[in-house]
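Written out below as structure tokens is the structure these notes cover.
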Amino acid sequence: MSRRDHSRQKFWKPTDDGPKTKIEEERLVDVTEADSTSFVPGNQTSLSIEKQRQQLPVFKYRTHILYLLEKYRTVVIIGETGCGKSTQIPQYLYEAGWAANGKVIGVTQPRRVAAITVATRVAEERAAILGHSVGYAIRFDDCTDAERTRIKFVTDGLLLREMMKDPLLTQYSVIMLDEAHERTLYTDIVLGLLKKVQRKREDLRIIVASATLDAEKFRKYFETNTSSDPEEDTAAILTVEGRMFPVDVFYIKAPVPSYLKATVETVMKIHHTERYGDILAFLTGQDEVEQVVSLLIEHARQLPKDALKMFVLPMYGSLPGREQMKVFERVGKGTRKIVIATNIAEASITIPGIVYVIDCGFVKINAYNPKGGFESLVVVPVSQASAQQRAGRAGRIRSGKAYRLYTEDDFLKLKPGSVPEMQRSNMAAVVLQLKALGIDNVLRFSFLSPPPAQNMVRGLELLYALGAVNETCHLTVPLGIRMAEFPLSPMFAKMLMASKDFGCSEEAVTIAAMMQIQNVFQTPSHNKINALKAKRLFSVAEGDHITMLNTFNAFLKWGKSARWCGQNFLNYKGLMRAIEIRKQLCALMKRAKVRLVSCNGDMVAIQKCLVSGFFANAARLNFSGVYRTIRDDYELHIHPTSVLYAEKPKQFVIFNEIVHTTKEFMRDVTVVDQRWLYELAPHYYDFGTENEIAAKRAKIDY
DNA sequence: GAGCACTGC
């Protein structure tokens with residue numbers, strides 16, 4: 001391995017630089033909080049918090065940030081990890097009076113936990129009660145006060161929902177989009193909408209906060225100055241250095257045939273030659289993680305008795321909660337923690353104690369294929385930005401080391417950034433949201449990174465087939481409008497609206513809620529057989545949807561018992577979440593004037609209701625024993641997680657989605673009757689020949 | 001005959 005020094009400059013040593021400008025003394029305790037009965041920190045605590053705040057790198061830029069925000073309508077702030085931007089900038093704005101006259105400073109986060117933790121920290125620093133002057137709002141958890149809250153942290157998805165009620169975001173004076181470099185679907189939609197809002201609201205200020213990369217792209221996007229005079233610019237960039245320990249990056253000299261083997265070897269080499277400090281290795285999927293974990297456990301067993309011990313742990317999304325928690329525990333002095341993880345550890349969670357990082361150089365992503373209308377899970381090389389982010393995980397507690405299992409040449413050939421989600425997603429839901437927000441011509445919407453036109457067309461076609469938009473591509477009233485209100489994919493929204501016709505709305509909301517949670521049935525690798533047996537208790541011949549309905553009802557019957565879930569290998573947290581989602585959906589049903597009624601076990605009613613939403617996802621059993629989509633004759637297979645997987649195949653099925661892994665699989669499958677397809681979606685299946693369909697499509701005015 | 005990157009409303 002060759003040592004490289006150039007990347008050292010990318011991370012910064014902590015500095016002792018004090019503040020360069022003296023600021024006026026400020027009261028940290030809110031007037032609004034002063035008369036509350038709860039604990040208010042004494043003077044000393046306030047001082048020490050104040051001192052801590054002044055030591056953050058971003059503090060030096062306080063006046064500069066405030067100046068830029070006066071002068072420019074949009075400020076792009078490049079803030080490296082640990083600079084304090086997320087917690088400090090909203091407070092600078094508050095202190096400078098941006099929340100005067102009842103206005104609110106809004107800060108978005110891509111993830112729920114981030115919104116809560118940052119809000120909690122800011123409330124602490126301000127000696128405020130969380131939910132009063134400082135609050136957060138995420139789905140199912142609104143911790144704000146309509147009158148009092150001045151600094152509000154939200155998930156970007158929730159801000160989008162707020163925009164449906166108040167398109168101009170009138171209560172906000174500033175919106176800060178944090179972690180914009182992640183380029184999540186919602187961040188990108190909100191970016192586009194804010195650009196539009198800014199045209200109508202001169203006073204609205206936007207801060208785009210990003211960790212390196214794309215600063216100029218963001219700035220240009222918001223720049224409205226068309227003259228050559230830079231004095232007229234409306235957007236500016238500011239860079240704030242981070243506070244990380246240096247991370248030395250090592251590359252391998254020649255490509256390795258197997259990064260799994262190389263991961264095991266590198267872990268062992270670090271363990272034998274490097275001083276204390278935990279190891280984090282990035283792989284692409286659960287399978288790889290489990291393989292490497294078991295190989296390392298073998299190695300750990302062979303260590304001499306007096307040697308430093310190895311504590312090897314897997315970490316991936318579908319790992320049951322209790323096992324996930326283990327990676328956050330600290331280990332004793334005689335032990336080194338070794339975490340083998342998927343991309344979950346890149347940004348979503350932070351594992352404490354990591355000093356060494358191993359990066360295989362690949363990531364598994366979900367890419368939408370507009371031709372087949374399905375999603376594919378594909379392993380692709382990481383971007384340079386991702387590799388940088390992974391390496392940075394080693395520099396949080398002291399200087400660290402990152403081992404890249406690829407050559408430096410290969411690193412230089414990597415793309416600078418990842419493809420934004422917007423360009424690799426199914427657009428149906430996005431289009432529906434945008435239309436509901438009054439954006440008629442979605443093809444001309446100003447996307448920061450426009451999705452492929454074909455993705456948009458495909459999305460529009462589906463909305464048309466569902467009846468959410470008409471021939472002129474306008475949202476239908478009331479169906480399209482109502483559908484947009486549901487926090488669900490358009491197919492599920494349609495299914496709920498259609499449940500009125502089949503008298504099974506009770507069942508439909510349960511199914512929709514259950515389908516939103518992942519890994520309802522858990523299969524721990526050491527107890528697979530019993531887990532599959534347990535699943536069979538709930539399974540029905542009709543398929544996965546009604547199986548989920550049964551599971552949910554059984555959960556209620558057993559009093560929402562966590563113990564019962566454990567005994568039956570069910571995801572307790574997931575089921576509790578399903579209850580909440582269901583509650584929210586019921587409220588929206590009431591708004592849509594669909595009464596909640598039960599069909600009392602009439603399976604056909606439920607199946608027909610499913611067809612009303614998912615008719616486009618229908619497949620027929622071929623003579624050769626495989627399924628093919630009815631519309632496009634696309635070969636499909638039943639996913640191994642489906643209850644229909646081991647059953648004798650039925651003639652016609654509908655499904656929620658297709659995932660391409662080793663084959664094209666249908667996930668969440670239910671048996672249907674062919675006649676229902678023609679009965680419930682004649683417009684979709686009675687078009688006639690392919691040519692007639694093409695002619696009809698061409699007539700639709702996008 | 002055998003599989004599950006990660007978020008979010």
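Owing to the predicted nature of the structure, the values given are computational and were not obtained by experimental measurement. Per chain, numbering begins at 1; letters A, B, ... match sequence-line order.
Distance from the side chain of A:Gln286 is smallest for B:dA5 among the nucleotides B:dG3, B:dA5, B:dC6. Proximity note for A:Ser348 (side chain, C-beta onward) versus B:dG3, B:dT7, B:dC9: the nearest is B:dT7. Considering only the side chain of A:Tyr645, B:dA2 comes nearest among B:dA5, B:dG3, B:dA2. Closest to the side chain of A:Glu421, from the set B:dC9, B:dG3, B:dT7, is B:dT7.
A:Arg591 places its CZ atom 14 Å from the C1' atom of B:dC9, with the value rounded to the nearest Å. If you measure from atom CD1 of A:Ile349 to atom P of B:dT7, you get 9 Å, rounded to the nearest angstrom. Taking atom OH on A:Tyr186 and atom C1' on B:dT7, their separation rounds to 10 Å, with Å as the unit. In this structure, A:Leu319 places its CG atom 14 Å from C1' of B:dA5, rounding to the nearest Å. Rounded to an integer number of Å, the gap from A:Leu159 CG to B:dC9 P is 12 Å. Rounded to an integer number of Å, the gap from A:Phe492 CZ to B:dC9 P is 17 Å. The interatomic distance linking A:Arg112 (CZ) with B:dT7 (P) rounds to 12 Å, in whole Å. Taking atom CD of residue A:Gln389 and atom C1' of nucleotide B:dA5, one finds them 16 Å apart after rounding to whole Å.
Using a cut-off of 4.0 Å between Lys/Arg side-chain N and Asp/Glu carboxylate O, A:Arg628 and A:Glu664 are scored as not salt-bridged. A salt bridge does not link A:Arg183 to A:Glu421: none of the charged nitrogens lies less than 4.0 Å from a carboxylate oxygen.
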Task: Evaluation steps, side-chain hydrogen bond (donor to acceptor under 3.5 Å, both in side chains), between A:Tyr406 and A:Asp359 - done: CA-CA 9 Å; A:Tyr406 41 97; A:Asp359 174 13; 2.9 Å; yes
Which atom pairs, one a donor and one an acceptor, fall under 3.5 Å between side chains of residues 489-499 of chain A and the rest of the protein, sequence neighbours left out?
unit_1, atom_1, unit_2, atom_2, d
A:Lys494, NZ, A:Leu466, O, 3.1
A:Ser499, OG, A:Leu496, O, 2.6

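Looking at heavy-atom distances under 4.0 Å, A:Phe486 makes no contact with the nucleic acid at all. If you check every strand for non-hydrogen atoms under 4.0 Å, A:Gln518 touches a base. As judged by a 4.0 angstrom heavy-atom cut-off over every strand, A:Thr184 is placed among residues making no nucleic acid contact. A:Leu160 comes within contact range of no nucleotide atom at all, as no heavy-atom separation falls under 4.0 Å. Using a 4.0 Å heavy-atom cutoff across all strands shown, A:Asn343 reaches no nucleic acid atom at all.
With hydrogens and angles disregarded, a donor-acceptor distance shorter than 3.5 Å links the side chain of A:Asn426 to the backbone of A:Ala428. Put simply, the side chain of A:Ser294 gets close to the backbone of A:Gln291: a donor and an acceptor are under 3.5 Å apart.
Under 4.0 angstrom from either OP1 or OP2 of B:dG3 there lies at least one side-chain N or O belonging to A:Thr662. The phosphate of B:dC6 has neither OP1 nor OP2 within less than 4.0 Å of any side-chain N or O from A:Arg111. Between A:Thr342 and the phosphate of B:dC6, there is a side-chain N or O to OP1/OP2 separation shorter than 4.0 Å.
Comparing A:Arg424 and A:Pro487, the nucleotide of DNA chain B nearest to each residue sits closer to the 5' end for A:Arg424. Residue order along DNA chain B, read from the 5' end via each residue's closest nucleotide, puts A:Leu532 first among A:Arg577 and A:Leu532.
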